[in-house]
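One structure is given below, encoded as C-alpha cells.
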Amino acid sequence: MLHIQRKASFKVRPDTDMRNSKKIDQVESVDEDKARDEEGLTQYDSALKSDWVANGFPQTHMELEELENQKK
C-alpha cells in the first residue's frame with residue numbers, strides 16, 4: 001500500500017480546552033470579589049462549580065468532613 005504525504009492546506013488552531021490548561025487551575029476566579037461562594041476557587045473550579053452543585057458534591061471542606069462523618 002502506497003502512502004502519499006500531502007501538505008495540509010488548512011491551519012489547525014492550538015488546543016484551547018480549559019481542561020488542558022495548567023494556568024486556569026492556578027488563577028483565582030474572576031468572580032471571587034463579587035460572590036462569597038467563589039472565594040478560594042480557581043477559574044477552573046468556578047467553571048465546574050455548576051456541575052458540582054447539580055450533582056450534589058460538597059462545596060466546602062466542612063461539608064466534606066460532615067459527609068465523611070455520616071458514613072462512619
Side-chain angles (χ1 to χ4, degrees):
M1 186 191 247
L2 180 62
H3 292 280
I4 300 173
Q5 289 188 357
R6 297 180 188 167
K7 186 171 181 168
S9 61
F10 55 89
K11 292 185 179 186
V12 177
R13 290 186 177 180
D15 186 6
T16 57
D17 188 343
M18 72 177 177
R19 291 173 288 189
N20 295 330
S21 171
K22 292 180 182 179
K23 182 180 176 184
I24 196 166
D25 202 26
Q26 296 171 353
V27 178
E28 65 187 31
S29 170
V30 293
D31 294 326
E32 184 174 37
D33 59 340
K34 300 173 193 139
R36 184 168 175 83
D37 59 344
E38 292 281 323
E39 289 179 12
L41 296 182
T42 64
Q43 288 182 357
Y44 184 65
D45 293 337
S46 179
L48 297 178
K49 185 174 174 235
S50 62
D51 287 338
W52 298 343
V53 172
N55 292 313
F57 293 131
Q59 299 298 303
T60 64
H61 290 291
M62 185 184 304
E63 289 176 359
L64 185 59
E65 289 172 6
E66 288 174 5
L67 188 61
E68 290 293 324
N69 289 334
Q70 289 176 358
K71 289 182 181 179
K72 292 180 182 179

Spacing of CG belonging to Asp25 relative to OG belonging to Ser46, to within rounding of 0.5 Å
11.5 Å

With rounding to the nearest 0.5 angstrom, report the CE to CG distance, Met62 to Leu64.
11.5 Å

Looking at CD of Glu32 and CG of Leu41, how far apart are the two atoms once the value is rounded to the nearest 0.5 Å?
7.5 Å

What distance separates Lys71 NZ from Glu68 CD, expressed to the nearest 0.5 Å?
5.0 Å

Quick one: list whatever passes side chain to side chain donor-acceptor pair (under 3.5 Å) with Asp31, sequence neighbours left out.
none

Which heavy atom in Gln43 sits nearest to a heavy atom in Glu28, and how many Å separate them?
CG-O, 3.4 Å

